[in-house]
Amino acid sequence: MAGWTAKDIPDQHGRVAVVTGANSGLGYVTARELARRGARVVLACRSEARGTEAEDRMATEVPDAEVGFARLDLGDLASVRRFAAGFSYDRLDLLVNNAGVMALPYGTTADGFETQFGVNHLGHFALTGLLLPTLLATPGARVVTVSSTMHSVANIDITDLNSERRYRRWTAYARSKTANLLFTHELARRLAAHGSDVVAAAAHPGYAATNLQTEGPRMSGRKAVERFMEIGNRIFAQSAEAGALPTLYAATAPEVPPDSFTGPSLAGWRGSPAPSWRAPWTLNDRAGERLWAASEELTGVAYDRLKV
């Protein structure tokens, strides 16, 4: 794993990948590098304009890329269902649950969920469940969910998943990232119990320069915070190319363990991919079971093939 770069990605010809949030930042780099190695990549993005622009840009950077845009709004379960129903491939080797929002002002999704929990966790939970039959039918398929070191700030509150009692933007973000890791843990456990070779793993980018840091302050009109984040991105953050490496490693490297968590090697901040520390509450079976049951109820998406 030491010194691993995008050049080490194995050949991906014949493989099909879905990358959420592939129009910019980490998602764009992840999709582009998978396409560069031969994968057929679906760019699953909320904005048609930004998604098609990313498709055109990728075709310029990787002329032989097999990529296509498909609209997916993770904050709208009807959109998630339409995307899954329109998925036309007979195989799905790789689902990268990358899209996310961070530290937004309080808001709700189309279905009434707190935005960060709804987009970062519930949207991806529903998407994975709806695509599960195709994943299970594809030998060696993987589900890679992008979390964050910020998960260590807060455990989920199973009695207040939508932060209705008190909303603090960073706590809500941290809880959504804990939910990503608990989802990965429980998915890996259920896949193993059913004898499936599908690998559920997680990754995080460390501190990578993307628009994720500035979107929340911009939406709430906090100009000073937005400027501070822009300066931090320029001075301290690694590039999106470097930040995407842990995701690409978890997605493509041989023998990635189920329920692993890959991040940058240098204090989880920057550097080549390496095993990453995670809070012990993200490995709690009972918490994973309770979040899973709540997620099935909230989304209406039941993982019937993975019942325990």
Side-chain angles (χ1 to χ4, degrees), residues 1 4 6 8-20 30-31 33-35 37-42 44 66 80 83-84 87-98 121 124-147 179-204 244-263 273-276 278 282-285 288-289 291-293 295-296 299 301-308:
M1 187 181 296
W4 195 91
D8 296 307
I9 297 172
D11 180 72
Q12 299 293 298
H13 284 89
R15 293 167 60 81
V16 176
V18 170
V19 181
T20 68
T30 299
E33 295 309 313
L34 291 171
R37 297 297 294 155
R40 290 174 287 173
V41 184
V42 178
E66 293 188 58
V80 177
F83 176 90
F87 184 77
S88 59
Y89 293 99
D90 60 1
R91 63 183 298 131
L92 178 54
D93 299 86
L94 180 57
L95 172 59
V96 181
N97 292 324
N98 161 81
H121 169 62
H124 282 127
F125 179 91
L127 177 66
T128 305
L130 292 168
L131 294 176
L132 184 66
T134 309
L135 286 162
L136 291 173
T138 306
R142 294 188 191 182
V143 178
V144 178
T145 301
V146 179
S147 183
N180 290 154
L181 285 170
L182 272 175
F183 166 59
T184 298
H185 177 69
E186 182 65 10
L187 178 59
R189 192 176 73 86
R190 289 174 180 245
L191 288 166
H194 283 263
S196 172
D197 70 346
V198 175
V199 171
H204 75 88
L245 288 178
T247 299
L248 287 164
Y249 182 92
T252 67
E255 300 179 357
V256 169
D259 202 22
S260 56
F261 188 34
T262 303
S276 186
R278 61 196 286 184
T282 67
L283 295 166
N284 185 295
D285 289 353
E289 291 170 357
L291 177 64
W292 188 280
S295 301
E296 285 193 329
T299 63
V301 175
Y303 284 60
D304 292 330
R305 301 277 295 275
L306 296 183
K307 291 293 184 186
V308 295

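In this text the structure is predicted, and so the values were computed from the model without any measurement.
The side-chain heavy atoms of V146 and N180, taken from C-beta on, include no pair separated by under 4.5 Å. In this structure, L283 and D259 have side chains that are in contact, with non-hydrogen atoms separated by less than 4.5 Å. Looking only at side-chain heavy atoms (C-beta outward), S295 and F183 stay at 4.5 Å or farther from each other.
With 3.5 Å as the limit, one finds no donor-acceptor pair spanning the side chains of T145 and H124. For the 3.5 Å distance criterion, the side chains of T247 and N98 fail to qualify, holding no donor opposite an acceptor. Residues H185 and T282 bring no donor and acceptor atom of their side chains to less than 3.5 Å of each other.
In this structure, R142 contributes its side chain and A250 its backbone to a donor-acceptor pair below 3.5 Å. A donor-acceptor contact shorter than 3.5 Å is absent between the side chain of D93 and the backbone of A17.
Nearest approach of L94 to A251, heavy atoms of both residues: CD2-CB, 3.5 Å. Heavy-atom minimum distance, L34 versus Q12: O-CB, 4.1 Å. Counting all heavy atoms, side chain and backbone alike, F87 lies closest to V18 at CE1-CG2, 3.6 Å. Taking all atoms of both residues into account, the shortest heavy-atom contact from T134 to Y89 is CG2-O, 4.2 Å. Minimum heavy-atom separation, L248 to E33: CD1-CB, 3.9 Å. Nearest heavy-atom pair across A201 and P257 is CB-O, 4.3 Å.
Residue L130 holds its CG atom at 11.0 Å from CG of L135, rounded to the nearest 0.5 Å. Atom-to-atom distance recorded for E66:CD and R15:CZ is 14.0 Å, nearest 0.5 angstrom. Note: L127 CG to N97 CG = 6.0 Å, rounded to the nearest 0.5 Å. In this structure, the separation between CG on L131 and CZ on F83 is 6.5 Å, given to the nearest 0.5 Å. Note that the CG atom of D8 and the OG1 atom of T252 stand 9.0 Å from one another [nearest 0.5 Å].
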Taking only distance into account, with no hydrogens and no angle test, what donor-acceptor pairs under 3.5 Å do side-chain atoms of residues 301-308 form with protein atoms, sequence neighbours excluded?
unit_1 : atom_1 : unit_2 : atom_2 : d
Y303   : OH     : F125   : O      : 2.6
Y303   : OH     : G129   : N      : 2.9

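Qualifying salt bridge (Lys or Arg N to Asp or Glu O under 4.0 Å) partners for R189, counting only residues two or more places apart in sequence or in other chains: E186, E289. Remark: R37 engages no residue in a salt bridge (Lys or Arg N to Asp or Glu O under 4.0 Å) (not counting sequence neighbours).
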Checking side chain to side chain contact (heavy atoms under 4.5 Å, CB included) for the pair L182/W292: CA distance, chi angles, key distance, verdict? CA-CA 9 Å; L182 272 175; W292 188 280; over 6 Å; no
